[in-house]
Chemist: 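I have a structure I would like to understand better, so I am pasting it below and will then ask my questions one at a time.
Below, chain A is the first sequence line, B the second, and so on; all start at residue 1. Not measured: the values here are computed from a predicted model.
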2 protein chains.
Amino acid sequence: MDKVELADPAISEEDRLNRAFAALSDPLRRRIVARLAQGDATVNELAEPFSVTLQAVSKHLKVLEDAGLITRRREAQRRPCHLDPEALGRLTAWIEGYRQTVEERYERLDALLASQENQP
Amino acid sequence: MDKVELADPAISEEDRLNRAFAALSDPLRRRIVARLAQGDATVNELAEPFSVTLQAVSKHLKVLEDAGLITRRREAQRRPCHLDPEALGRLTAWIEGYRQTVEERYERLDALLASQENQP
DNA sequence: GATGTATTCAACCTCTAGGTTGATAAAGCG
DNA sequence: CGCTTTATCAACCTAGAGGTTGAATACATC
C-alpha cells in the first residue's frame, strides 16, 4: 500500500480551520499570500521585500503549509511555494454559511414586520 | 462635538484583519459565532453549552467585539451579543480577492496552452 | 571533492493567548 | 435595604507564537 501524501486524515476539519484562520491572522503571512496570488515564488523571493530573516519567513511558510493554504514542490535547491485556491474557498464557505444565515434572518424579520403593518 | 462611538479610526484595516482572523482561529469562538448566527444571545446563554468558566467566555466575547465581529447592547443586567454580518463580509472579500486572482491566472494559462496546441 | 546557494533545524528569548480563581460592579427583586 | 443575577476586572499560570543567531543539510557547479 502506498504511503499517503495528501491531507493527513488525522487532522480534523476543525484543526484545519484553526490553522488556516490563525495563519491569516498574521500580516506578514497575508502579504505572502497576496504575493503568491500573483504566482509561485521561492523562499528567497518571498523573504526579499521584508525586513525579517529568511528563517522567520521559512517558519511562516511552514505555518501556511500546515494550514493547507500553500503547497511546495522541489526544484533543485529551491522550494517554490504555490497558493491553493481551494483552501481559500473552504474558508469563505465557512464564513459565508453563517453570514448568509444572519442575512436570511433579517429578511424573514423584515417580512414579518411588513405583514404586521398590513394588519395592525 | 459628540464622542465617536463607532469603529475607532486609529485601528487600521490591517489591524482589523489581524484581529478578525485571529478571533476565528479559536474553535470555541467559532462555535460562538455559529450560535450567534441563529440569533442574539447573552453571555450566560453562550457559555452554557461549554465546559469553560463564564469569565473565559466573557474574554472570548471581548476578542470578538474588538475584532468588530460582534456588537453588544445593554438590556438590564444582560449584555446580549449580536453577530455583524458585514464584518464577516469584509473577511470573505479579502480572501476571495486573492482566490479569484489565482483562478484567473489558471484560466489565462489554460487559454495559452490551448492556443499553443493549435499552432505547434 | 571543494565551494556556493537555497533552505531548514536547533536553541534561545520575550510577549501574548487562553485558561483558572477570587473579588467587584451594576441592575432587578424580596 | 439586603440578596440575587449577570457580567466584568484583576492576578496569576502555562503553553505557544514569532523573532533572533548559528549550525546543518541538500543540490549544483567548478
Chemist: Could you tell me the separation between the CG atom of A:Leu64 and the C1' atom of D:dA17, rounded to a whole number of Å?
Modeler: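 A:Leu64 atom CG is separated from D:dA17 atom C1' by 14 Å.
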Chemist: In this structure, how many angstroms lie between the P atom of D:dA17 and the NE2 atom of A:His60, rounded?
Modeler: 12 Å
Chemist: Looking at C:dT5, I'd like to know if its phosphate oxygens (OP1 or OP2) sit under 4.0 Å from a side-chain N or O belonging to A:Arg78.
Modeler: no
Chemist: With a 4.0 Å limit, can you tell me whether B:Arg72 has a side-chain N or O closer than that to the phosphate oxygens OP1/OP2 of D:dT8?
Modeler: yes
Chemist: Determine the contact category for A:Val63: base if any of its heavy atoms lies under 4.0 Å from a base atom, sugar-phosphate if only primed atoms, P, OP1 or OP2 are that close, otherwise nothing.
Modeler: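 Nothing, no heavy atom under 4.0 Å.
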Chemist: Just call it for A:Leu54: base, sugar-phosphate, or nothing, with non-hydrogen atoms closer than 4.0 Å on any strand.
Modeler: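 If one applies the 4.0 Å heavy-atom cut-off, A:Leu54 turns out to touch a base.
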Chemist: Is B:Lys62 paired with B:Glu65 through a side-chain N to carboxylate O contact shorter than 4.0 Å?
Modeler: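 A salt bridge is absent here (no side-chain N lies under 4.0 Å from a carboxylate O).
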Chemist: Closer than 3.5 angstrom, by distance alone: can the side chain of A:Arg29 be matched with the main-chain N or O of A:Ala22 as a donor-acceptor pair?
Modeler: yes
Chemist: Please give, in whole Å, the distance from D:dC9 P to B:Leu61 CG?
Modeler: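 Whole-Å distance recorded here is 12 Å.
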Chemist: Does CD belonging to A:Glu86 count more than 12 external heavy atoms closer than 6.0 Å?
Modeler: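 Atom CD in A:Glu86 is not crowded, with 12 or fewer foreign heavy atoms closer than 6.0 Å.
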Chemist: Would you say B:Thr53 places a side-chain N or O within less than 4.0 Å of OP1 or OP2 belonging to C:dT20?
Modeler: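 Yes, B:Thr53 has a side-chain N/O under 4.0 Å of OP1/OP2 on C:dT20.
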Chemist: Nearest whole Å is fine: how far is C:dT7 C1' from A:Ile70 CD1?
Modeler: 13 Å
Chemist: Quick one: which of C:dT7, C:dG18, D:dT20 gets closest to the side chain of A:Thr42?
Modeler: C:dT7
Chemist: With nearest nucleotides of DNA chain D determined for A:Arg29 and A:Ala76 from heavy-atom distances, which residue corresponds to the more 5′ nucleotide?
Modeler: A:Arg29
Chemist: Round to the nearest Å and state the distance from B:Lys62 atom NZ to C:dT16 atom C1'.
Modeler: 15 Å
Chemist: Nearest nucleotide by nearest heavy atom, which residue falls closer to the 5' end of DNA chain D, A:Ala56 or B:Pro80?
Modeler: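 Result: B:Pro80.
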Chemist: Per the atom types in the model, does the base of D:dG22 pair as donor or acceptor with the side chain of A:Gln55 at under 3.5 Å?
Modeler: yes
Chemist: Specify the separation, in whole Å, of atom CG of A:Asn44 and atom C1' of C:dT8.
Modeler: 12 Å
Chemist: Rounded to the nearest Å, what distance is computed from the CD1 atom of residue B:Ile32 to the P atom of nucleotide C:dG18?
Modeler: 11 Å
Chemist: C:dT8, C:dT20, D:dA26: which one has an atom nearest the side-chain heavy atoms of A:Arg74?
Modeler: D:dA26
Chemist: Is atom CZ of B:Arg31 surrounded by more than 12 heavy atoms (other residues, nucleotides or ligands) closer than 6.0 Å?
Modeler: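 Atom CZ in B:Arg31 is not crowded, with 12 or fewer foreign heavy atoms closer than 6.0 Å.
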Chemist: For the pair made of CD in A:Gln77 and C1' in D:dA24, what is the distance, rounded to whole Å?
Modeler: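 Those two atoms, CD and C1', are 16 Å apart.
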Chemist: Is it true that B:Glu103 and B:Arg99 make a salt bridge, defined as a side-chain N closer than 4.0 Å to a carboxylate O?
Modeler: yes
Chemist: Looking at D:dG18, C:dT21, D:dA7, which one has an atom nearest to any side-chain atom of A:Lys59?
Modeler: D:dG18
